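Just so you know, these numbers come straight off a predicted model, no measurement behind them.
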Amino acid sequence: QVQLVESGGGSVQAGGSLRLSCAASGRPFSIYYGAWFRQAPEKEREFVAAISASSGSTDHADSVKGRFTISRDNAKNTLYLQMNSLKPEDTAVYYCALRYGGVVVRNAAGYNYWGQGTQVTVSS
């Protein structure tokens with residue numbers, strides 16, 4: 001089993017920045033592909049970004065491309081999401097997830113482990 005704990009959420013004004021962290025424990029972090037998803041009230045969970053186990057490949061949703069950056073530090077067992085130029089429409093609960101597999105995927109069903117989520121609120 002893998003346990004994931006997100007942190008770094010909060011309230012910011014539009015144009016501001018936040019850095020989310022996701023600390024993993026329980027099994028070797030470096031074997032897993034990682035991702036961030038988000039879910040706004042009354043909306044479905046949506047893909048934000050994903051990264052391969054070695055950081056050699058990343059994928060970002062069009063809605064965040066150029067503003068958000070996913071990264072990881074395998075030595076610290078931590079996944080990150082740097083969020084810049086935040087917009088009110090980025091307001092959501094953000095979840096980190098891990099999957100054991102050989103490709104970066106956008107489908108939430110492809111992920112085996114999930115964190116509890118961290119709230120991000122962007123005001124205009």
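Taking CG from L98 and CZ from R27, the interatomic distance works out to 11.5 Å, rounded to the nearest 0.5 Å. The line from CZ of R45 to OH of Y111 is 12.5 Å long, rounded to the nearest 0.5 Å. Between atom OG of residue S30 and atom CZ of residue R72 there is a gap of 7.5 Å, rounded to the nearest 0.5 Å.
Remark: the backbone N or O of S54 is not paired with any side-chain donor or acceptor of N74 at under 3.5 angstrom. Remark: the backbone N or O of S123 is not paired with any side-chain donor or acceptor of Q13 at under 3.5 angstrom. A donor-acceptor pair under 3.5 Å links the side-chain atoms of S52 to the main chain of S57, judged by distance alone. When atom types are taken as modelled, the side chain of T78 and the backbone of K76 share a donor-acceptor pair closer than 3.5 angstrom. Side-chain N or O atoms of Q39 include none that pairs as donor or acceptor with a backbone N or O of A92 at under 3.5 Å.
Closest approach of E6 to Y94, counting heavy atoms only: OE2-O, 3.8 Å. Here the closest non-hydrogen pair linking M83 and L86 is CB-CD2, 3.9 Å. Taking all atoms of both residues into account, the shortest heavy-atom contact from Y33 to G102 is OH-O, 2.9 Å. Considering every non-hydrogen atom in both V93 and Q119, the closest pair reads CG2-OE1, 3.2 Å. Nearest heavy atom pair, residue V104 against residue A50, reads CG1-CB, 3.3 Å. For L4 against A97, the heavy-atom pair with the smallest separation is CD1-CA, 4.1 Å.
Side-chain contact between L20 and W36: present, with at least one pair of heavy atoms (C-beta onward) separated by less than 4.5 Å.
In this structure D90 satisfies the salt bridge (charged side-chain N to carboxylate O under 4.0 Å, His left out) test together with R38, R67, sequence neighbours excluded.
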side-chain contact (heavy atoms from CB on, under 4.5 Å) between F68 and Q82, intermediate numbers included
CA-CA 5 Å; F68 293 10; Q82 178 66 45; over 6 Å; no
Would you check, one step at a time, whether the test side-chain contact (heavy atoms from CB on, under 4.5 Å) holds for L81 with T69?
CA-CA 6 Å; L81 184 68; T69 303; over 6 Å; no
Could you give me the CA-CA distance, side-chain angles and deciding distance for L79 and I51, then say whether side-chain contact (heavy atoms from CB on, under 4.5 Å) is met?
CA-CA 9 Å; L79 187 68; I51 189 167; 3.6 Å; yes
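Hydrophobic cluster membership differs between V2 and V5, with clusters built from Ile, Leu, Val, Met, Phe, Trp and Tyr side chains linked at under 4.5 angstrom.
The distance between the ring centers of Y113 and Y32 falls below 6.0 angstrom.
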Could you pull out every donor-acceptor pair under 3.5 Å between side chains of residues 58-65 and any protein atom, sequence neighbours left out?
unit_1 : atom_1 : unit_2 : atom_2 : d
D59    : OD1    : R106   : NH2    : 2.9
D59    : OD2    : R106   : NE     : 2.6
D59    : OD2    : R106   : NH2    : 3.4
H60    : NE2    : I70    : N      : 3.1
D62    : OD1    : K65    : NZ     : 3.3

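Between W114 and F37, the two ring planes are tilted [angle within 30° to 60°].
When only modelled atom types and interatomic distance are considered, N84 and S17 share a side-chain donor-acceptor pair under 3.5 Å.
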